[in-house]
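Notes follow the structure.
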Amino acid sequence: MKLTILMIIDAVIAIGLIVSVLMQEGKSAGMGGLSGETDTVFSSKARGLDAFMAKVTVLFAILFGIITVIIAKMTA
């Protein structure tokens with residue numbers, strides 16, 4: 001019973017981790033970054049949201065790792 005609950009929680013966290021990674025903006029601006037205009041207009045909001053998403057991603061990754069190790073110990 002406990003193992004099943006942990007596996008469900010692990011799956012939900014894995015989905016949250018995938019979503020949080022996909023919501024982050026790419027680090028390289030590509031060809032659009034040559035003009036520099038987008039950085040001056042949207043820099044404060046994008047930077048704040050991107051920093052928040054980075055923290056959420058780290059939190060989900062740590063939780064996913066811990067719960068996965070616990071599941072592995074319980075099944076061994």
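Summarising the geometry, atom CD1 belonging to Ile67 is positioned 12.0 Å from atom CD1 belonging to Ile5; distances are rounded to the nearest 0.5 Å. Between Ile62 atom CD1 and Ile13 atom CD1 the span is 11.5 Å, to the nearest 0.5 Å. Of the inter-residue distances, the one linking Leu6 atom CG with Met1 atom CE reads 11.0 Å to the nearest 0.5 angstrom. Considering CD1 of Ile9 and CZ of Phe64, their distance stands at 13.0 Å, rounded to 0.5 Å.
The neighbour count for Met74 CE, taken as heavy atoms of other residues, nucleotides or ligands under 6.0 Å away, is above 12. Around the CE atom of Met7, the shell of radius 6.0 Å holds no more than 12 heavy atoms that belong to other residues, nucleotides or ligands.
Residues Ile18 and Val58 are members of separate hydrophobic clusters, defined by side-chain heavy-atom contacts under 4.5 angstrom among Ile, Leu, Val, Met, Phe, Trp and Tyr. Linking Ile, Leu, Val, Met, Phe, Trp and Tyr residues whenever their side-chain heavy atoms come within less than 4.5 Å leaves Leu17 and Val12 in two separate clusters.
Identified under the side-chain hydrogen bond (donor to acceptor under 3.5 Å, both in side chains) test for residues 52-68, with sequence neighbours left out: Asp10-Thr68, Ser20-Thr57, Gln24-Thr57.
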